[in-house]
Amino acid sequence: MKFHWFVEFTYPRLPADALAGGGMWVTPARRHCDPAALARLYEDTLAGYRLAAQLGFDGLVVNEHHQYAGSVSPSPNLFAAVLARETQDAAIVVLGNSLVLYNPPTRVAEELAVLDVLSGGRLVAGFVLGTPMDACFAGGVAPGELRTRWNEAHQLIRRAWAADEPFAFAGAYTQLAHVNVWPRTVQQPHPPIWLPGTGSKDTWALAAQHNYCYCYLSFGGTQKTVAFLDEYWSAVRAQQWDDNPYRFALAQVICVSETDEAAERDYADAVEYFFGTVTASAPMFSHLPVTDAPSRGAATQPARTTPAAAPLRYADYVARGQVIAGSPATVTAALQKLARQCRIGHLICILQVGTLSAELTAKNARLFATEVMPQLRGLHADRPDHWTPQRAGERR
Amino acid sequence: MNEPVPHAIRGAAAGCTRAVYVGGIEAVAPQRCLQLLSPHAWPTVFAADVAMDTTPGANPLLDLLAACAARVHAAVAGLPARLAHPAVTPALIGQGFGAMLAAELACLTPDPAAPLVLISPLGLWLDAHPLANLLALGGDSATALLWHNPDHPAAQQMRAQWPPHGLNALSRVAWPFAEHGLRLRLRHLQRRVLVIAGADDRYTPPAYAQAFVERLPGAALTVIAGCGHLPMLERPDETAAAIDAFLATPPSSTWSHS
């Protein structure tokens with residue numbers, strides 16, 4: 001089993017009036033953003049990535065959001081470039097670039113190729129459709145074009161990486177007489193590709209179709225994960241692929257302390273803020289016309305969190321499996337069960353939970369890496385991992 | 001080559017003209033308003049319907065216009081023979097997104113004698129009056145935006161049935177706003193034009209109707225009091241009367257703003 005360090009670059013606590021309307025998404029006025037506070041956040045977060053690499057995490061995951069105070073990371077490639085130079089072993093997992101927001105999409109092929117060269121072939125390339133808040137509300141892409149634009153951009157990038165000679169590309173959205181992306185990626189024919197999603201069947205079908213690793217980035221908890229996974233693996237089998245666990249990555253909030261009680265003391269505030277505010281869906285974004293299918297009004301994109309009648313507390317999030325927390329023994333047992341049940345090859349660990357302090361993040365990371373990770377490392381050891389760069393971890 | 005339109009559609013039974021109603025997202029024909037104008041069944045085309053019949057492509061507006069033109073042609077061809085006067089360009093009465101399409105089609109087919117009625121038209125952008133992203137709203141917000149009186153029975157029906165079908169497809173030309181440079185093409189529009197606005201339209205305030213009129217020399221403007229974005233539903237009698245009076249006026253008349 002592989003372990004990856006993933007952080008949302010959450011802006012330190014915003015005043016309540018900044019959250020009216022869209023919550024942390026799209027609408028918090030920029031007047032609330034203090035560059036000095038963000039500089040500290042970036043410094044602490046990058047230090048966390050470096051610590052994770054030292055502790056033996058297999059990959060360092062960065063992602064892309066726009067106009068989102070919950071993760072001030074509009075270009076993950078910038079942070080990936082920093083990490084490529086500040087670390088030597090871990091995979092650099094860009095999860096991912098929102099293809100519909102790059103014009104021409106060859107920009108993605110170029111930048112990811114640079115990252116692959118810069119990191120010495122440690123890049124995992126992620127292609128994300130983007131949340132509606134990112135792609136449609138902040139990016140202005142029409143909901144009715146999301147899939148077709150993504151499909152075309154994806155095709156162009158794959159062709160650009162495969163071609164050693166210039167070619168012409170005449171798509172609906174991009175027309176280029178000379179596609180000739182420099183540099184050539186270190187990993188040939190291309191870096192491993194992961195496809196993040198929040199539970200859309202269309203997305204995991206794409207992952208299965210192209211033999212990509214599907215990354216479930218929902219924060220909805222283990223109950224939701226278990227419920228939909230059968231369908232994902234059915235899609236994999238339908239493509240005649242095997243059931244290799246490394247085809248699947250799960251993002252999971254994990255909190256480890258000396259005891260279960262200590263975990264609550266250490267992490268309850270951050271967990272409640274993370275699920276109650278940072279990742280919560282805002283009503284104003286719930287009316288996106290995602291489909292014209294006959295089942296009018298039925299959401300094809302599940303909410304990032306299930307609305308509750310009353311604000312949930314730490315114990316609720318633990319009970320729902322949205323956070324796996326407790327002593328090393330408690331966390332190990334829960335993750336062992338989940339990894340087997342869901343056939344998880346890649347565990348994307350969220351240990352810096354939203355606004356969790358740098359000190360507690362480091363404590364969480366050290367306890368997880370020293371007490372939990374070794375207990376789980378051997379899971380799926382008999383299966384080959386084709387979705388992690390071969391050069392990552394070579395020096396360990 | 002085109003015969004002048006004799007007079008109002010109300011006289012259609014006497015064989016005067018052909019007309020098509022081009023609706024927006026409402027998907028329900030404004031029956032009372034249309035019946036006041038003509039006792040005959042109206043050919044109707046709805047923007048959202050047409051959008052659902054187009055494939056995502058490089059030029060969504062052009063694709064939508066081509067499909068809309070085909071629908072209008074088919075609708076007119078289906079009229080009873082006594083109404084189907086092949087030498088007369090059909091009158092277009094468009095509302096909202098439908099008015100935007102009607103204006104675009106009219107730019108492509110100049111005919112100074114043919115009537116064009118634009119009701120609460122979309123297609124322009126005014127910095128002083130930024131448009132809401134209608135397609136991203138829920139039923140309560142949309143109804144409050146579109147109606148002067150959200151308690152109107154038809155408003156309540158709209159709220160209950162929101163979202164209308166076809167919004168995903170229509171988003172290709174309407175997300176986040178329906179602005180595709182029509183302002184640059186309006187100088188090619190050669191029609192007799194009436195623009196109708198609701199005085200209390202919170203979605204496209206009357207400044208938008210005024211902007212169309214300013215770009216269309218000779219165009220008339222009627223502003224209906226106590227009315228939101230959907231005059232033919234909220235004020236059908238006043239809307240029909242304005243259209244009727246406009247159509248009954250000889251083409252050579254110079255229209256003044258009312």
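Scope of the values below: all heavy atoms of this structure, side chains included, with no hydrogens, waters or symmetry mates. Throughout, protein chains are lettered first and strands after them, A, B, ... in sequence-line order, and every chain is numbered starting at 1.
In this pair, B:W125 and B:F177 present their aromatic rings tilted. The plane angle is within the 30 to 60° band.
Ranking A:G171, A:A142, A:S286 against chain B, the residue ahead of the rest is A:A142, based on heavy-atom pairs under 4.5 Å. The residue among A:E145, A:E152, A:Q175 with the most heavy atom pairs within less than 4.5 Å of chain B is A:E145.
Among A:Y232, A:W204, A:F228, the one residue that satisfies the ring pair (Phe, Tyr, Trp, His ring centres under 6.0 Å) test with A:Y216 is A:F228. For the ring pair (Phe, Tyr, Trp, His ring centres under 6.0 Å) with B:Y203, the qualifying choice from B:H229, B:H129, B:H148 is B:H229, the only one to do so.
Looking at B:L167, the atoms closer than 4.5 Å to chain A (heavy atoms on both sides) sit in the backbone and in the side chain alike.
Other residues, nucleotides and ligands place no more than 12 heavy atoms under 6.0 Å from the NE2 atom of B:H73.
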